[in-house]
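Naming: A, B, ... by sequence-line order, numbering from 1 per chain.
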Amino acid sequence: MSERRKQYPFDEIEAQWQSLWDQQKTFRASNPGDPDFDPEKPKYYALDMFPYPSGQGLHVGHPEGYTATDIISRYKRKLGFNVLHPMGWDAFGLPAEQYAIEHGVHPRETTEKNIAHFKAQLQRIGFSYDWDREINTTDPSYYRWTQWIFLKLYNSYFDTESNAARPIAQLIKSREEDFPGESAGERNAYINSRRLAYIDEVAVNWCPALGTVLANEEVIQGKSERGDHPVERKPMRQWMLRITAYCDRLIEELEDLDWPSGIKKLQQNWIGRSEGADVHFTLDAGESASTGDRITVFTTRPDTLFGATYIVLAPEHTLVDEITTSQQLQEVTAYRQTAASKSERERTETSKEKSGVFTGSFAINPVNEEKIPIWIADYVLTSYGTGAIMAVPAHDERDHEFASKFGLEIRQVVDPGKKDDSCFTGEGTVINSSPLIDGLGTPEAKAVMIGNGKEPGWLEKNGAGMPRINFKLRDWLFSRQRYWGEPFPVAWDDAGNHFALSEEELPVEAPAMDDFKPTGTADPPLSKALEWVKLHEHSTRETNTMPQWAGSCWYYLRYCDPDNKHDFISREADDYWMNVDLYVGGTEHAVLHLLYARFWHKVLHDLGYLKTREPFQKLVNQGMILGEDGQKMSKSRGNVVNPDEVINEYGADSLRLYEMFMGPLEQVKPWSMKGVEGVYRFLARVWRLFMEEDQEGKWQLSDKVSNVEPTKKQLRILHETIKKVGHDIESLDFNTAISQMMKLTNEFTSADSRPVSSLAAFLHLLNPFAPHISEELNRIIAAAFPDVAPDEQLANASWPIFNEDYLVDDEMEIVVQVNGKLRDKMIVSKEASEAELEAAAKQLDKVQPFIEGATVRKVIIVPGKLINIVAN
RNA sequence: GCCGACGUAGCCCAAUUGGUAGAGGCAAGCGACUUAAAAUCGCUCAAGUGCGGGUUCGAGUCCCGCCGUCGGCACCA
């Protein structure tokens with residue numbers, strides 16, 4: 001193809017327009033306070049999920065979502081909106097750091113190089129970003145505010161009364177009033193335990209080879225995703241963010257958002273709210289247990305308490321040491337050791353057989369005073385609920401499997417109401433329990449046990465338990481042992497107390513280090529920068545860094561006011577721009593990024609810094625683009641398509657158009673170079689609609705383009721197209737908008753006389769999709785027909801208005817059916833009455849045979865569409 | 001196992017509240033132009049909508065039961 005002559009000079013056109021846009025700052029959005037700001041204009045905020053600038057550069061999956069938001073942005077500008085359409089870089093992260101370690105290049109260098117490459121690639125596609133608002137999470141002027149937000153989290157607590165975050169000062173004040181005699185140390189400990197950012201000792205995925213803690217999703221089958229190194233569970237002191245305080249709001253406030261229902265559901269499931277009860281089982285006075293101790297379990301089925309035939313504790317449960325009898329000690333110890341050596345992944349492998357051991361002790365079931373054995377097993381997780389369960393093997397599959405294996409009693413207490421010989425976990429009628437609940441349905445029996453919201457239930461009245469709501473979501477492990485991340489604005493004193501740095505000390509920049517290799521111990525690389533670490537005579541800096549998620553939690557806010565030196569965002573900018581009207585990105589961020597960003601947003605909202613409760617009003621996930629072989633694109637498969645190559649061959653407009661023409665935005669679809677060629681041919685057809693080659697092969701305006709009145713047919717298709725393209729852009733159905741423009745092009749191509757007024761209008765429609773070619777053609781006809789096409793850029797000119805009058809016909813085609821089967825069609829006047837229609841239909845030769853000798857039972861008329869005669 | 005998305009010409013995909021299965025592109029075939037080819041222009045071809053039931057005058061569309069592909073979650077009591 002490179003040998004072949006280009007069908008139109010896209011390479012010259014595209015470069016020219018791109019540099020013009022750049023020089024003129026055509027797509028600059030003005031902020032409140034700017035001299036050219038127009039408060040009358042409505043705003044529109046179209047946001048892409050910003051990329052991690054990897055060394056590989058863009059592949060054709062990136063521009064899919066970017067093109068969609070670009071079309072919307074260009075379209076909205078033409079409708080008179082002030083459009084915020086920015087781009088930036090999520091540039092902290094492990095790949096740059098690993099590269100640094102392996103090649104001795106500072107991650108800042110790699111990052112800068114990668115960003116430059118990414119940016120150049122994006123600019124070649126002709127996106128209408130306001131590059132004045134470009135942000136980079138690794139820039140100290142950016143991450144100073146990431147650190148500032150961390151200070152807000154550190155200096156806040158969650159007030160359950162108002163169900164919102166409040167300044168920690170309020171908590172300190174009320175604590176002082178409530179406990180005036182408390183020592184400073186005690187008070188400090190209490191306050192620290194309530195902060196939204198706090199320190200905890202938690203089991204983490206520690207990777208010795210990489211020298212860092214990894215997130216669960218970075219661990220694949222006990223090995224690190226990057227490098228395939230072994231990962232072990234290890235308790236470490238970590239910074240945590242109290243996202244669990246927001247569980248309820250993160251679920252409830254999803255409701256008003258215009259997000260795909262699947263993504264909402266995914267978030268709900270991730271947060272995993274379940275209602276139930278804590279139930280206390282008293283320990284039976286065994287040899288080592290002291291009387292009166294109790295085990296608390298969490299259950300969502302308090303109606304099945306009478307079917308609880310044993311208790312299971314997580315192997316790590318704190319009571320295990322206390323209750324294990326000497327006969328069982330050896331077995332229990334061995335089991336706990338095995339469990340501890342397993343990774344989280346191995347522990348939760350559902351396919352594996354249940355395992356566990358008996359502790360030798362017993363507990364008393366509070367509902368019937370029965371003595372039931374206490375086991376430990378790794379299918380009970382220490383991190384959920386109370387780390388202990390009551391096992392009801394008749395009505396829980398996991399308990400059933402366990403009981404069957406170890407010969408424990410299985411007692412049925414729910415009647416399914418139908419024949420069911422499997423383990424029944426659904427709702428039914430209570431049996432074999434007690435007069436208290438026997439005969440009740442599952443929901444009623446639950447209510448008796450836990451209460452109905454007004455009246456306390458049996459458990460509470462008898463001191464045997466409490467209603468309780470549990471969540472799967474855990475607090476967010478927020479520290480990493482890495483160099484290439486935001487340092488914490490925190491330090492430690494000699495006594496081991498942490499304290500926040502002041503806002504004036506921000507940004508806390510990482511020291512320039514030559515050696516950022518992991519230390520091989522739990523100490524982060526920053527601990528090697530001894531001078532930096534030492535803050536004052538009696539204090540040292542925190543040496544952990546923040547995870548990659550941090551910067552992306554609030555970047556959408558910074559775009560609104562990127563150069564603000566005094567605030568992370570000004571009140572005016574927040575008021576005006578937020579929230580995001582359209583957010584487009586991949587499903588891979590459906591849970592974590594979106595959940596974390598929503599959490600931070602809510603905290604900042606609670607503290608009075610933001611007006612909105614939610615950041616992203618409308619969310620769309622673009623579908624993945626597969627390789628030509630229908631497989632996921634990957635280097636190893638060799639099916640990766642580089643947008644640069646596509647642009648070299650066919651131009652940026654063709655790339656943009658094909659990305660959108662492939663199919664519905666949200667759908668997964670395979671790439672096809674033949675398909676690119678198809679849209680390229682379409683653009684060439686558009687070009688030749690206006691242009692023709694002279695003897696020397698130079699392009700000039702075609703004689704066929706003239707200032708004539710369009711025909712009725714031409715007007716009709718033009719206005720159909722104006723209507724459809726506008727509608728389809730609004731609903732993000734770009735593929736069908738493009739096909740309509742192809743239809744129009746075909747129609748006008750076959751015309752000998754091409755009315756310039758119609759063609760000019762068409763260029764407006766094409767402009768958001770293929771901005772370079774449309775601007776160029778518009779410039780050419782504006783020069784030749786100044787009365788028809790004003791000499792202005794399409795980017796700034798108004799979207800055409802369609803006129804419904806051109807769409808209606810005097811006549812219409814009506815489908816004639818007999819008994820629902822198509823028999824004929826007829827052309828009738830638009831004014832024809834139903835009776836006239838019926839009479840005309842019955843006269844048709846192709847209809848007659850089917851109604852002859854039959855009784856007409858019914859005639860169905862769909863106005864303007866069809867007539868159906870029901871006869872037998 | 002659970003949740004979600006998708007199954008329509010050879011391929012990618014269209015088809016208002018149920019109302020003519022086809023808009024567009026790719027591929028294929030034919031013709032025009034050409035010494036010839038490419039490019040271009042014009043024309044043509046093709047499925048009865050994954051399978052089985054049901055509702056309806058009428059089902060790609062609604063309901064029930066399956067099958068397949070892809071993605072996500074996965075012992076959360």
Selected nucleotide, minimal atom distance to A:Leu266 side chain, candidates B:G58, B:G72, B:A77: B:G72

Integer-rounded Å distance: B:C73 C1' and A:Arg474 CZ: 14 Å

Selection: residues 664-671 of chain A, any non-hydrogen atom under 4.0 Å of RNA chain B: A:Pro664, A:Gln667, A:Val668, A:Lys669

Matching residue for A:Arg301 among A:Asp303, A:Thr304, A:Thr299 - test: side chain to side chain donor-acceptor pair (under 3.5 Å): A:Asp303

Proximal nucleotide (of B:A23, B:C75, B:G19) relative to the A:Tyr379 side chain: B:C75

Touch class at under 4.0 angstrom, heavy-atom based, for A:Ser672 against every strand present: nothing

Opposite nucleotide pairing with B:C43, Watson-Crick or G-U, both atom distances under 3.5 Å: B:G29

Separation of atom CG in A:Asp728 from atom P in B:G24, rounded to whole Å: 15 Å

Distance, rounded to the nearest Å, where A:Glu747 contributes CD and B:C41 contributes C1': 15 Å

Distance-only side-chain donor-acceptor flag, A:Thr736 / A:Asp728, under 3.5 Å: yes

Full working for side chain to side chain donor-acceptor pair (under 3.5 Å) between A:Asp475 and A:Thr244: CA-CA 6 Å; A:Asp475 275 340; A:Thr244 52; 2.6 Å; yes

Paired nucleotide for B:C62 [Watson-Crick or G-U wobble; both distances under 3.5 Å]: B:G54

For B:U49, the Watson-Crick or wobble counterpart (both distances under 3.5 Å): none

Residue whose closest nucleotide on RNA chain B lies nearer the 5' end, A:Thr749 versus A:Met742: A:Met742

Enclosure of A:Lys846 NZ (heavy-atom neighbours >12, cutoff 6.0 Å): no

Residue whose closest nucleotide on RNA chain B lies nearer the 5' end, A:Phe298 versus A:Asn269: A:Asn269

Residue matched to B:A21 through Watson-Crick or wobble contacts both under 3.5 angstrom: none

Test side chain to side chain contact (heavy atoms under 4.5 Å, CB included) applied to A:Asn735 and A:Leu732, A:Ile738, A:Asp733, the passing residue: A:Asp733

Protein-nucleotide distance (A:Met624, atom CE; B:U69, atom P), rounded to Å: 17 Å

Interatomic distance where CD belongs to A:Glu693 and C1' belongs to B:A38 [whole Å]: 14 Å

Listed partners of A:Lys842 passing side-chain contact (heavy atoms from CB on, under 4.5 Å), at least two apart: A:Glu838, A:Ile851, A:Val856, A:Ile869

Residue pair A:Phe281, A:Ile372: steps toward the side chain to side chain contact (heavy atoms under 4.5 Å, CB included) verdict: CA-CA 10 Å; A:Phe281 286 68; A:Ile372 56 176; 3.8 Å; yes

Pair A:Phe402 and A:Tyr310, ring centroids less than 6.0 Å apart: yes

Ion pair A:Glu692/A:Lys704, N-O distance below 4.0 Å: no

Any-strand Watson-Crick or G-U partner of B:A74, both distances under 3.5 Å: none

Sugar-phosphate only, base, or nothing, as touched by A:Asn470 at under 4.0 Å among non-hydrogen atoms: nothing

Side-chain donor/acceptor contact of A:Lys674 with base of B:C12 under 3.5 Å: no

Identity of whatever pairs with B:G68 - Watson-Crick or G-U, under 3.5 angstrom: B:C6

Touch class at under 4.0 angstrom, heavy-atom based, for A:Glu813 against every strand present: base

Selection: residues 815-824 of chain A, any non-hydrogen atom under 4.0 Å of RNA chain B: A:Val815, A:Gln817, A:Asn819, A:Gly820

Stepwise side chain to side chain donor-acceptor pair (under 3.5 Å) test for A:Asp278 and A:Thr296: CA-CA 6 Å; A:Asp278 277 349; A:Thr296 302; over 6 Å; no

Sugar-phosphate, base or nothing in reach of A:Gly678, heavy atoms under 4.0 Å: sugar-phosphate

Closest non-hydrogen atom pair between A:Ala377 and A:Ser355, with its separation: CB-O, 3.2 Å

A:Lys265 vs B:G4: side-chain N/O to OP1/OP2 distance below 4.0 Å: yes

Complement of B:A36, any strand, by Watson-Crick or G-U distances under 3.5 angstrom: none

Sugar-phosphate, base or nothing in reach of A:Lys825, heavy atoms under 4.0 Å: base

Sugar-phosphate, base or nothing in reach of A:Arg688, heavy atoms under 4.0 Å: sugar-phosphate

Which nucleotide in B:C75, B:G58, B:A23 has an atom nearest any side-chain atom of A:Thr736: B:A23

Distance in angstrom units between A:Lys724 NZ and B:U16 P, rounded: 9 Å

Nearest-neighbour nucleotide for the A:Arg685 side chain, B:C73, B:U40, B:C41 considered: B:C41

Sugar-phosphate, base or nothing in reach of A:Ser274, heavy atoms under 4.0 Å: sugar-phosphate

A:Ile860 CD1 to B:U20 P, straight-line distance once rounded to whole Å: 14 Å

Under-4.0 Å salt bridge between A:Asp694 and A:Lys698: no

Whole-angstrom distance between B:A14 and B:A47, as gauged at atom C1': 14 Å

Partner of A:Tyr650 by ring pair (Phe, Tyr, Trp, His ring centres under 6.0 Å), out of A:Tyr658, A:Tyr8, A:Tyr680: A:Tyr680

Nearest-Å distance for atom pair NE2/C1', residues A:His400 and B:C75: 16 Å

Anti or syn - B:G48, cut at 90° from 0: syn

Nearest-neighbour nucleotide for the A:Ile389 side chain, B:A77, B:A14, B:G24 considered: B:A77

From B:C26, B:A77, B:C3, nucleotide with atom closest to A:Arg681 side chain: B:C26

Residue-phosphate contact under 4.0 Å: A:Asn735 side-chain N/O, B:G25 OP1/OP2: no

